[in-house]
Participant: 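Before I ask anything, here is the structure I am working with.
Hydrogens, waters and symmetry mates are skipped; everything else that's a heavy atom, side chains included, is used.
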Amino acid sequence: TIVAQLLYIVLQAHYSISFTAASQNNDKLPQRPTVNNGTTNDPSSKSNTDANPTSLTMSDHHQSSQSSNTDKIQAQAGKIKELKKREAALSRLLTAVRLEKLSALRSRPLTIGVVGFGRFGQFIAETFNKHGRVVATSRSDYTELAKGMGITYIRLDDPASFLEQDLDVIILATSIVSFEATVRNLAPHLKAYIEKSETNRGPLVIDVLSVKEHPRQILIDLLPKECDIMCTHPMFGPDSGSNGWHGLNFVYERTRIDGVILDSTQRTTGSTVEHDNVDVSKVNTTVSKTFVEKGTGKIHNVHEDSELHVESIDRMERFLSIWEEEGCRMVELSCKDHDAYAANSQFLTHLMGRILGEQGLKQTPIDTKGFESVLNLVGTTTADSFDLFYGLYKYNQNSVDTIVKLKASMDGVVTMLKEMEEKDI
């Protein structure tokens, strides 16, 4: 490469100058007198080469070193060139795979039903509509709004018509407090629909709540076993995701596949069973080839000899691919671990925002950047409904512990201030 050639020329010049300077310095030193036959006047002496072997050895060493450095430079340049070729080949391969994946997704687009067409339901439905067909239902009448978005709308009091839309996926985008009632109302209609269908197969049912163990158990307990289940939590909403979903976290758990409830605390790679680690940096972000059945410990393969099983896996992967294509950071995490993390992050954030909001904080002419961040926290957390905040508290068993720890920390800080004050006195 040009860079390698320039380095080669510079090093040649450097070594040439150094060698010339060394030679000039040697010329200034007193020389041993010689005769025509090239020997010294001292008859007992040997030839110049034998008498001063260091001079030739240093020269040979210098030339060898120069040659070695040149070889190293050329080798490094060649290695980088080869790595660039491999990088370009991998980039072309990745592009080809992504195009093939998009082609596969578009060849069989999902029909997605959204139950709950409020602000969040509209937010996700708008993006889903780019990847498939969307059918929405809700308590309020959003017919005209949905029509403007290119989405089919069916009233919630007509669940049979909603299910007859041949839905691959149903997303329950309701509030936490109304979630169980919604599932209870929908379950018998799902059962009737499945009994009438030729495939005896239900849709994939997905929740998007901010807590996970609570909806997971409700879905397992109430839905017909023919419905696959996936528990998810998009860690963003209409505000934080207003400019796209790229880089935003999407947490999910494959909960039930083809009637098999997965043990979310165990995952397998090949024939090795792995247990979840509570270190979030080590959570699984790849698709496992096998999974463990809860209760029995039986290991199931995604390629088991069952058409329904294969279709169930394919449907889940197609749904997850929508979030991947939108640029989300995919995080596979058990519902249990999710709630443990969320209590110390999401709930704590909302708790602090609500507490500070109760103080009636307002902007001042001398606000620091830190205080601006505090006001922003208050604004974003209080913009959400109190039902959401209450749900984070009531349906996450870790929330009470978070409140207790916060109170203890507050008391500890106040105690330290009083102790220091007493010392000043």
Participant: Short question: side chain of T232, backbone of Y252 - any donor-acceptor pair under 3.5 Å?
Facilitator: no
Participant: Do you know the tightest heavy-atom contact between Q122 and F117?
Facilitator: NE2-O, 2.9 Å
Participant: Using the six-membered ring wherever Trp is involved, compare the ring planes of H233 and H338 and label them parallel, tilted or perpendicular (cut-offs 30° and 60°).
Facilitator: perpendicular
Participant: For the atom pair CG (N396) and NE2 (H214), what is the distance rounded to the nearest 0.5 Å?
Facilitator: 11.0 Å
Participant: Would you please name every residue forming a side-chain contact (heavy atoms from CB on, under 4.5 Å) with E422, sequence neighbours left out?
Facilitator: none
Participant: Could you go through the side chain to side chain contact (heavy atoms under 4.5 Å, CB included) check for T381 and M352 one step at a time?
Facilitator: CA-CA 9 Å; T381 53; M352 292 304 301; over 6 Å; no
Participant: State the CE-CG distance between M316 and D228, to the nearest 0.5 angstrom.
Facilitator: 5.0 Å
Participant: Between D258 and K225, does any side-chain N to carboxylate O distance fall below 4.0 Å?
Facilitator: no
Participant: What donor-acceptor contacts under 3.5 angstrom involve side-chain atoms of residues 198-206, with partners at least two apart or in another chain?
Facilitator:
from	atom 1	to	atom 2	distance (Å)
T199	OG1	R201	N	3.4

Participant: Taking it one step at a time, do F128 and V169 satisfy side chain to side chain contact (heavy atoms under 4.5 Å, CB included)?
Facilitator: CA-CA 11 Å; F128 291 156; V169 176; over 6 Å; no
Participant: Can you name the closest pair of heavy atoms from L262 and R216 and give their distance?
Facilitator: O-NH2, 3.2 Å
Participant: Would you call the rings of Y390 and Y393 parallel, tilted or perpendicular, where under 30° means parallel and over 60° means perpendicular?
Facilitator: tilted
Participant: Looking at R254 and E317, does any basic side-chain N land under 4.0 Å from a carboxylate oxygen?
Facilitator: yes
Participant: Would you indicate whether E372, at its atom CD, is surrounded by more than 12 heavy atoms from other residues, nucleotides or ligands within a distance under 6.0 Å?
Facilitator: yes
Participant: Passes side chain to side chain contact (heavy atoms under 4.5 Å, CB included), R329 versus V331? Steps please.
Facilitator: CA-CA 6 Å; R329 177 177 175 267; V331 182; 3.1 Å; yes
Participant: In residues 172-189, what donor-acceptor pairs under 3.5 Å come from side-chain atoms, sequence neighbours left out?
Facilitator:
from	atom 1	to	atom 2	distance (Å)
S175	OG	S178	N	3.4
S175	OG	S178	OG	2.8
S178	OG	S175	O	3.4
E180	OE2	R184	NE	3.3
E180	OE2	R184	NH2	3.1
T182	OG1	S178	O	2.8
N185	ND2	A181	O	3.1

Participant: Please tell me whether Q363 and D367 have a donor and an acceptor in their side chains that are separated by less than 3.5 angstrom.
Facilitator: no
Participant: Going by atom types alone, do H131 and E326 pair a side-chain donor with an acceptor below 3.5 Å?
Facilitator: yes
Participant: Restricting to non-hydrogen atoms, name the atom on F120 and the atom on P234 that form the minimum distance, rounded to 0.1 Å.
Facilitator: CZ-CG, 4.0 Å
Participant: Check K407 with D411, please: is the shortest side-chain N to carboxylate O separation under 4.0 Å?
Facilitator: no
